[in-house]
Structures are given as C-alpha cells and as structure tokens.
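What follows is a short report on a single structure.
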Amino acid sequence: MQAIGDKTYCFAGFTLDLRRSSLRSGNAEIELRPKSFLLLRYLVENSGRLVSRDELMKALWPDVIVTDESVTRCVSDVRRALGDSAQRIIKTLSKRGYVLTASVFEPEAPSPSDAGTRGLATSSDLRSASPGERPAERRHLTVLSCKVVGLSRLSARLDPEDFRVVTADCHRYCAEILHRHGGYLARYQSDGVVAYFGYPQAAEHDAENAVRAGLALVTSAATLAATCGAAAELRIGIATGLVVIGEELATGEAREPTAVGETPDLAGRLQNAAKAGGVVVAETTRRLVGGLFDYHDLGHLPAEGSAEPMRAWQVIGPSSIESRFEALRAGTTPLVGREEELELLLRRWRQAQAGDGSVVLVSGEPGIGKSRIALALMERLSDEPHSRLRSFCSPHHQDTALYPTITQLERAAGFRRDDTNEQRLDKLEAVLAQATNGEAVPLLAALLSLPTDGRYPPLNLTPQKRKERTLKALLAQMEGLAARQPLLMVVEDAHWIDPTSLELLELTVERVPSLPVLLIITFRPESRRPGSVGHR
C-alpha cells in the first residue's frame, strides 16, 4: 500500500509528486518555494472544496505568526508556476478563500513485481524529475556526497526485502531535505546519496544551499534513525568546481545525468574524511560561502593522485557575523565613486539628529555597492553617540515571520550556542531594559521560542492578537532607543523580506519622520518598493 507521503497527483497537465517534493509539467520540473509547494499540495488534496485563508494559515503555519499576505504570496507563486493567471485551475472566491477546480487523479500504482524490480532506489526512481535530454556541457557545480553511517550493517540482520524498504525510506528522507534546499538528486547508493547544486539551473546561492542542506541532514539524525528503525548518523562531503555533465546511457533505456571531473571525486573523499555527524567542505566551497559559517580547519587531505593535497574544513554551524555582505567578503573593499551618495546619507543623518527623521531607499543590482554604502556611513559615525538597529533579510527565510528581527535580537542580546534557556532569558531582559518596560519580554521571548520558566504569566492570546502586540512591542523598542539618542536603522536585502517583517517595516516607516531616526533600506530593483514613504 502506498503511504500518504509517497502519493503522486495529476491535474491539468501537471504532476505533483509528494515523494520527491516536486511539481512537473511533462519531464520539466517547475521550481516552487517550500511553503508554496505545501499550499498547492493542500489545495490538491482538498480539490473541489472551498479552503479559507484561515484554514490555510493554520495548516501551513501552525505555530507561527503570519498575515493574509503570506497566503496571498504563496498563491501568487503557485499561479505563476502553473501559468494560471486566468484562474482556470485555482479560483479565488472573494473574502471566502480558494478552490482548486481542476480534476485531480492518482496514477495507477505499480504492480508488486514492478515494485520489487525498483526495490533499491535509483536516481531515475527517487531523484527530482530529469530536466530532459541535454548535450554534455561544462558546468560549475557544487557536489554533495552523503553517507548514512550504520545503514549497511542492517543488511546482516534484516531480511533482504525488509532491508530494501529501510534503504528506500532513508533515501527518500534524505531526498526531501536536499530537494528543499535546491539540490538535484543525481545518484543513490546503498548507504548514501549524491546531489548536485547548480544543475539543471544555476542559482545565486548554490554553494551556500549545499552547506545548509548538509547541516540539515546531520542535525536530523534522530529523525532519520526513527525512519530507519536503527541508530544512524551521516557523513557529508561538499566540493565545488568545474565538471562535464550530460545524459549518460545507463542500463536499458534509462538516462542519468552524470558529472565527470575532479569535483565529484573530491566530494567523496571529503565525505570519507568526515566524522559521523560532520560536514566537511573543500577550500573552493569555503571561499564561496565565506564567513556565513564557522569552521574548524582540518588541514590537508592526502593527495591520492591529485596534483597537490587538498585543504578541508569542517563546518560547525552558521556564523554570528551580522551582514551577508561582510560574511561573503574577507575584507572591506574601498568605497570608490560614491561620495555623492555618502554625503546625501550624512545630510539625512544630521536632519535626524535634529529630530527630522528620514527614510532612504538604496536600490541597485547585486554587487553595485548598496551594503558598502551603508557600511561606510556606519564607519563615518563610529565616533558619534548614537544607537543602532541593523537587520538582514535572508533568501532562506522568506517564509519565517520576523526572521530579521529574531536574528537582530539574538545578536543584540549576545546569545551563544552553549547558553541555557535561563541564560538567554537573562540576556534578553537586559537588552530590552535599555528601551522597553518588562511587558515586552514575554512577547519577544515567545518570538524567539524561549521559555520564560514561570517568570511571566502565560500569553493567552489568539495568534492575531499576539502578532499585533509583538509588532507594538517592537515599535516601542525602536521609539525607546530613539528617545535616548539618535537612532540609525539599516534593513538590508529587503527584496527577501517576509510578509510580517514587511508589515513591521511599513509601520516603522510611518513613525520615522517624527523621530530622530535615519532608516536605510537596501533592496534589488526587481522587488516591489518596500515601505510606503521614502526619500532619495
């Protein structure tokens, strides 16, 4: 019998494969953000029935504060993927919700003999959909090699058919995590998987996505062990470099994309060098992801036929560096040709010091120097008395409500990885005491998923009320800091902002003109202009 997580649905010429977490049209895979995929899945599984916005919010964000904007954004994302601007597939009923009107059916399940033939997962069986036949091409790829330590030992004590099922479950579990991080499942082995990042389409954050996928895999070992029914840990190796990749003829009529070159071999060597529960990356990958992560230098791997030994690094976890701009660059680059823009910011700052707040929008293509201008202003003001609130939107957390605020509070409070909950609550109380009263602590502790251990009464609030009071507390913190001394606020990469943070930003923009505050917002031109007021 097919488990619910393995189902495949067909509708309006599309295939929704839950096992692979993929949406396909023919053989072409269509990219969807994780929350958008879950929304489409929910509508498909409830096809023909009116689904309200409240129902979607409870189903998709059960423990998170969100607004209607989150649902609207996901629906728009799904409609773009389906080419459904005319609402032929998903119909909106004004102020009521959505109905998926297309006919939905499940393809016939394979016969037992077919299932037995496909017992051990293969790349054509369990990976993301093939992008179609392609000629061999030179590509810059990041390759992730993953081994499930302890899985092969199960074969000695399990019936082969039972071992086949366990192996397929482990493969499927790893595939879901890798797919969520943009990985292309290239090959399945008896005790591991190989994934490509940057194929079939290259993306801006391929190397970073691979490292985040590796960390997600090793930190999910307990869940994987429950899936496999035995103790399991993972070893991950990641390398980046030039490969030649194309459709290689395999057995029968199957065609599998295979990357050839030193990079896949190096990823395998790094995986062999990793300890159980470790993620080890090559120097090429570490240079690309820069200071986004903390590392332990493992020295050099033995040459093993290579021209020279290769340096390896174990990834400890995400770093505490504030800015992606600073994390991805080893040093600060000189500011050249931006004197006019910097002078404009300094004039706005002088106005803010006099109580005439301003909002400055800094828009430009990636790499043009948006973050560098903001950093130059902060350097210029380093000797002047002022407060500072600096937050950063993330391409990996566009569905996490108030993510920029959460990370800003954690940095301001000085949270450490080894802090206890009690220590973190003490630090949060200390940082909030600078600008707010004690009423904000339980609200913002809840935002940080931090238990208050009986220090404060429980928050018996509806999700909407909690969101409203949380936003009010954050605005009060901003106003409290500005009341003490002029406040410089910087919101970077607002093109990646989540809907709730956008709502907070718009409320902030409304308050700024009457406060001694300079708010700088950086974003790329393809995004809609953040905030409702701005000066340029």
Side-chain angles (χ1 to χ4, degrees), residues 2-49 51 56 59-61 70-92 98-110 121-134 171-186 193 195-203 205-206 209 213 216 255 257 395-396 398-399:
Q2 192 178 38
I4 190 168
D6 297 345
K7 285 189 176 181
T8 298
Y9 298 103
C10 297
F11 65 99
F14 296 92
T15 301
L16 189 71
D17 190 334
L18 303 188
R19 181 179 61 187
R20 301 169 183 166
S21 296
S22 69
L23 173 67
R24 300 191 304 276
S25 177
N27 287 329
E29 184 165 353
I30 302 171
E31 184 176 355
L32 268 181
R33 294 184 298 118
K35 283 295 183 184
S36 300
F37 181 88
L38 292 176
L39 182 140
L40 177 57
R41 169 180 175 171
Y42 196 86
L43 292 177
V44 166
E45 292 179 337
N46 292 274
S47 62
R49 182 175 73 82
V51 179
L56 286 170
L60 273 61
W61 295 275
S70 300
V71 176
T72 301
R73 184 176 179 178
C74 287
V75 171
S76 297
D77 190 27
V78 169
R79 282 198 171 120
R80 281 194 298 270
L82 301 179
D84 189 35
S85 58
Q87 299 189 18
R88 292 187 301 269
I89 301 174
I90 300 174
K91 185 176 180 61
T92 299
Y98 306 94
V99 179
L100 191 135
T101 58
S103 176
V104 177
F105 65 93
E106 297 180 43
E108 292 184 7
T122 65
S123 53
S124 60
D125 181 27
L126 289 176
R127 72 185 185 202
S128 304
S130 171
E133 294 189 13
R134 292 167 173 257
H171 285 167
R172 187 175 302 115
Y173 181 82
C174 294
E176 289 173 354
I177 292 177
L178 290 164
H179 183 85
R180 286 200 300 269
H181 288 82
Y184 179 84
L185 276 297
V193 297
Y196 302 154
F197 291 79
Y199 184 86
Q201 284 87 32
H205 311 291
D206 287 328
N209 289 341
R255 294 176 181 269
H396 309 286
Q398 296 179 66
D399 294 314

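The structure displayed is predicted, hence computed values, not measured ones. Worth knowing before you read on, the calculation uses all heavy atoms, side chains too, and leaves out hydrogens, waters and symmetry mates.
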*Verdict with reasoning, Leu23 to Leu82, per side-chain contact (heavy atoms from CB on, under 4.5 Å)*: CA-CA 9 Å; Leu23 173 67; Leu82 301 179; 4.0 Å; yes
*asked:* Check the orientation of Tyr199 and Tyr184. Use parallel for under 30°, tilted for 30 to 60°, and perpendicular for over 60°.
replied: perpendicular
*Which atom of Ala216 lies closest to which atom of His181, heavy atoms considered*: CB-CE1, 3.8 Å
*Is there a side-chain contact between Val51 and Leu100 (heavy atoms, below 4.5 Å)?*
no
_Nearest 0.5 Å, please: how far is CD in Glu45 from NZ in Lys7?_
7.0 Å
*For Thr92, what residues pass the side chain to side chain donor-acceptor pair (under 3.5 Å) criterion, not counting sequence neighbours?*
Arg79
*Quick one: list whatever passes side chain to side chain donor-acceptor pair (under 3.5 Å) with Asn46, sequence neighbours left out.*
Arg49
_Contact summary for Cys10 and Thr15, nearest pair of heavy atoms_ = SG-OG1, 4.0 Å
*side-chain contact (heavy atoms from CB on, under 4.5 Å) with Ala59: which residues, sequence neighbours excluded?*
Tyr42
*Where is the tightest heavy-atom contact between Ala102 and Ala12, given as atom of each residue plus distance?*
CB-CB, 4.1 Å
_Between OH on residue Tyr98 and CG on residue Leu56, distance to nearest 0.5 Å_ = 7.5 Å
*asked:* side-chain contact (heavy atoms from CB on, under 4.5 Å), that's the test. Do Ser70 and Trp61 meet it? Break it down for me.
replied: CA-CA 10 Å; Ser70 300; Trp61 295 275; 3.9 Å; yes
*Closest heavy-atom contact between Ala213 and Phe197?*
CB-CZ, 3.8 Å
*To the nearest 0.5 Å, how far apart are CG in Asp84 and CD in Gln87?*
7.0 Å
*When rounded to the nearest 0.5 angstrom, what is the spacing between SG in Cys74 and CG in Asp399?*
5.5 Å
*Under the side-chain contact (heavy atoms from CB on, under 4.5 Å) test, which residues partner Leu38, sequence neighbours left out?*
Lys35, Leu60
*Distance in Å, Arg41 CZ paired with Tyr9 OH, rounded so as to fall on 0.5 Å steps*: 7.0 Å
*Please list, chain by chain and in numerical order, all residues satisfying side-chain contact (heavy atoms from CB on, under 4.5 Å) with Asp77, sequence neighbours excluded.*
Leu32, Arg33, Ser36, Arg80
*List for me each residue that meets side-chain contact (heavy atoms from CB on, under 4.5 Å) alongside Val99, sequence neighbours excluded, and say none if there are none.*
Leu50, Leu93, Thr101
*Using salt bridge (charged side-chain N to carboxylate O under 4.0 Å, His left out) as the criterion, list what pairs up with Arg88, not counting sequence neighbours.*
none
_Any heavy-atom pair between the side chains of Phe37 and Leu18 that's under 4.5 Å?_
yes
*Between the main-chain N or O of Tyr173 and the side-chain N or O of Glu176, is there a donor-acceptor pair closer than 3.5 Å?*
no
